[in-house]
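What follows is a single structure, written as structure tokens, with notes after it.
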Amino acid sequence: MIKFKTLRYKNFLSSGNNFTEIQLDRNKSTLVVGQNGAGKSTMLDALSFALFGKAHRNINKTQLINSINNKGCLVEIEFSLSGNEFKVSRGIKPNVFEIWKNGTMLNQSSHSREYQKILEQNILKLNHKSFHQVVVLGSSSFIPFMQLPSHIRREVIEDLLDINVFSKMNIILKEKNVQLKDKLRQIDYNIDIVKTKIESQKKYIRDIAALTEENRKDYEFRIQASQNLVDELQNENSELSLGLDESVSEAEQGLKLLQDRKQSLLLRGQDRQSTIRDLEKRITFFEENESCPVCDQAISDGHKHAILLSTQEDRDRRKAEIKQIGTEGFAVESEIDQQAGLLSTLRDRVHKLTANSKEISKLQATISDYRSHIEKEIGTDLTQARTDLQKFEDDRSNELEEKLKLSDDLNYNSVIIEMLKDTGIKTKIIKQYLPVMNKLVNQYLQILDFFVHFHLDESFQEVIRSRHRDEFTYDSFSEGEKQRIDLALLFTWRQVAKMKNSVSTNLLLLDETFDSLLDHDGVENLLKILYTLGEDTNVFVISHKGDILDGKFDSKIEFTKEKNFSQMKIGVQANELVV
């Protein structure tokens with residue numbers, strides 16, 4: 001049971017900067033009076049704003065702050081629930097929203113809507129509509145139960161009977177089914193992909209298997225042809241390499257000796273040419289001179305003739321030697337040409353030997369590739385292809401098993417969802433409580449001197465029969481009779497909530513219920529009902545009929561307007577007010 005204790009507010013609607021504080025659990029019954037606009041109904045708006053973030057009446061949030069001070073709007077509500085003490089603070093300018101439990105503020109969510117869900121779903125366990133069906137009956141923006149659409153009526157009853165958990169379960173299961181359907185679509189897609197892979201793999205295996213013995217023979221023929229070329233080249237290399245190194249060495253040495261001999265002949269020839277030039281100069285001297293240029297003595301003809309003869313003979317001998325050197329040089333040049341030709345031939349053999357060796361290496365690499373293709377690719381590819389095919393088939397089996405499991409889960413969830421629909425478990429539970437509800441409504445109607453038989457069905461459609469068993473609907477009655485029905489339903493919902501301990505609370509607020517539509521007998525009958533409420537109920541009646549209701553309540557609160565701000569006076573008796 002929610003036991004509301006204290007409500008305080010400031011800068012809220014017409015209230016000023018000082019807290020207006022109302023003790024909600026002090027007296028069993030309290031009359032709230034005041035002139036129009038004095039601030040009587042402000043407590044309803046403050047209570048609704050503190051708990052649900054919106055006023056009881058149709059007032060925008062921006063209009064809730066006091067228009068004179070225009071800041072510091074704050075509302076606080078304190079209540080106890082399940083042995084814990086709670087306080088909710090909510091304000092405007094600055095924005096405040098805090099939930100305190102046993103003196104410790106609960107961790108605030110990043111979004112105020114999530115924080116509000118914690119308050120409504122985890123703590124109060126009722127929403128704005130249900131709260132105002134059980135706690136408040138007002139003449140302003142309150143919509144009576146009988147004027148609500150059928151689906152809203154169902155929500156209220158589900159809150160009262162604490163069976164809205166089935167609706168939440170239904171929502172959760174629907175979300176899970178959406179996820180399951182997404183997974184099933186993905187699995188179907190995966191199965192199609194694996195199926196395509198299996199078909200492609202089977203075709204690949206057939207293609208590999210088509211490599212017959214003829215293919216093997218073709219590769220073996222290529223290998224044999226390449227090997228024959230290798231053998232031929234190796235035989236040729238054997239012949240080419242026979243004595244090649246020694247022949248090349250001897251040819252290179254012989255060529256070097258010939259070149260050295262040629263160089264020696266050139267030097268000898270040059271030496272003889274130099275000697276001949278000196279001898280020619282001597283001959284020319286003796287032929288042109290008659291005396292010695294040094295001693296100026298005359299050279300005799302005999303002496304000159306002897307010297308000239310000796311010098312000419314020496315010159316001729318030197319020329320003969322040069323001619324001999326030339327002859328030898330020609331012979332050496334010829335031998336050099338022959339030796340160079342031989343060396344060139346030997347080097348061609350070396351180049352051919354090198355080229356053959358490279359070709360042998362290429363052919364041997366080709367043979368190795370052919371053998372690798374035969375030994376590895378043909379056999380190994382077929383084995384690997386069959387292994388891959390088995391893996392694909394295993395994947396398909398796993399996907400099919402997963403699909404079967406998810407399909408079972410989807411079917412189970414669908415059955416449960418069908419059970420959790422409004423026509424399922426909830427309807428069975430509501431059917432069990434409907435007789436109790438209808439009985440309580442009719443009891444309260446009799447206390448209010450409205451003698452009709454009221455009946456709600458599973459769809460929360462009403463059938464009202466008069467004494468003569470004529471059938472009516474809610475809209476068939478006058479406003480005063482309608483209010484009697486609304487009151488009967490209000491007290492019924494409170495009684496059912498108390499029985500279920502779902503949204504049971506100590507607080508009951510009646511806003512101008514006694515003023516407009518109830519006649520004198522209706523007022524008296526309503527007071528009878530209020531007097532029968534238990535000690536754990538605190539009733540607040542907001543009314544203009546202070547003169548009629550004075551002395552009928554345990555305490556009295558009077559609101560007045562002073563300098564555009566609401567002021568509150570509290571009294572323990574109707575005729576004894578204190579500030």
Side-chain angles (χ1 to χ4, degrees), residues 204-274 319-387:
Y204 178 60
I205 291 173
R206 289 194 298 271
D207 292 340
I208 294 177
L211 292 173
T212 60
E213 188 64 26
E214 184 177 352
N215 301 110
R216 293 179 180 272
K217 288 181 179 180
D218 178 60
Y219 279 105
E220 290 173 355
F221 174 79
R222 296 180 189 181
I223 290 172
Q224 188 60 47
S226 298
Q227 186 63 48
N228 292 338
L229 289 175
V230 169
D231 293 341
E232 291 177 4
L233 292 172
Q234 286 178 341
N235 292 333
E236 186 178 357
N237 279 0
S238 297
E239 295 176 359
L240 290 172
S241 62
L242 186 62
L244 180 62
D245 293 339
E246 293 82 357
S247 298
V248 170
S249 177
E250 291 176 358
E252 288 176 346
Q253 290 178 0
L255 181 61
K256 185 176 183 306
L257 291 173
L258 290 171
Q259 288 173 341
D260 291 344
R261 184 179 175 188
K262 177 181 177 182
Q263 185 66 25
S264 176
L265 291 172
L266 287 174
L267 292 175
R268 286 174 59 196
Q270 291 173 358
D271 181 63
R272 299 298 185 273
Q273 288 288 352
S274 177
K319 286 182 177 181
E321 290 178 359
I322 289 176
K323 185 177 181 181
Q324 181 63 32
I325 291 172
T327 302
E328 292 181 10
F330 283 125
V332 170
E333 285 285 350
S334 177
E335 291 181 14
I336 289 174
D337 291 340
Q338 291 177 2
Q339 195 70 16
L342 175 60
L343 185 59
S344 176
T345 301
L346 293 173
R347 285 176 176 168
D348 288 342
R349 288 173 61 189
V350 172
H351 293 156
K352 180 64 174 175
L353 187 64
T354 303
N356 287 349
S357 297
K358 290 181 179 179
E359 185 65 22
I360 288 171
S361 297
K362 289 176 61 177
L363 290 170
Q364 288 176 339
T366 301
I367 291 171
S368 178
D369 290 341
Y370 289 157
R371 286 175 176 168
S372 175
H373 185 78
I374 292 175
E375 295 174 2
K376 294 182 179 179
E377 292 184 12
I378 294 179
T380 303
D381 285 356
L382 185 58
T383 302
Q384 184 62 43
R386 287 171 177 166
T387 301

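Between the OG atom in Ser368 and the CD1 atom in Ile223 there is a gap of 9.0 Å [rounded to 0.5 Å]. Distance check, rounded to the nearest 0.5 Å: CG of Leu233 to CD of Gln364 gives 10.0 Å. Taken to the nearest 0.5 Å, the CD atom of Glu359 stands 9.5 Å off from the OG atom of Ser226. From Leu267, atom CG reaches atom CZ of Arg272 across 11.0 Å, with rounding to the nearest 0.5 Å. Gln234 CD to Ser357 OG: the interatomic distance, rounded to the nearest 0.5 Å, is 9.0 Å. Taking OH of Tyr370 as the reference point, atom CG of Asp218 lies at 8.5 Å (rounded to 0.5 Å).
Formation of a donor-acceptor pair under 3.5 Å by the Thr354 side chain with backbone atoms of Val350 is found in this model. Listed for the Thr327 side chain is a donor-acceptor partner under 3.5 Å among the backbone atoms of Lys323.
Residues Ile325 and Leu265 approach most closely at CG2-O, 3.4 Å, considering heavy atoms.
At a threshold of 4.0 Å, the pair Glu335-Lys262 does not count as salt-bridged, since none of the basic side-chain nitrogens sits closer than that to a carboxylate oxygen. The pair Asp348-Lys352 does not meet the salt-bridge criterion, since no charged nitrogen lies less than 4.0 angstrom from a carboxylate oxygen.
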The test is side chain to side chain contact (heavy atoms under 4.5 Å, CB included); show your working for Gln270 and Ser274 and say whether it passes. CA-CA 6 Å; Gln270 291 173 358; Ser274 177; over 6 Å; no
Using the rule given for side chain to side chain contact (heavy atoms under 4.5 Å, CB included), can you reason through Lys256 versus Gln339, listing the C-alpha separation, both sets of side-chain angles and the distance that settles it, and then say yes or no? CA-CA 10 Å; Lys256 185 176 183 306; Gln339 195 70 16; over 6 Å; no
Passes side chain to side chain contact (heavy atoms under 4.5 Å, CB included), Asn237 versus Ile360? Steps please. CA-CA 10 Å; Asn237 279 0; Ile360 288 171; 3.8 Å; yes
CA sep, side-chain torsions, deciding dist, call: Arg268, Gln324, side chain to side chain contact (heavy atoms under 4.5 Å, CB included): CA-CA 11 Å; Arg268 286 174 59 196; Gln324 181 63 32; over 6 Å; no
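Glu239 and Asn235 share no donor-acceptor pair across their side chains, judged by distance under 3.5 Å alone. Side-chain contact annotation: Gln224 with Asn228, donor-acceptor N/O pair under 3.5 Å present.
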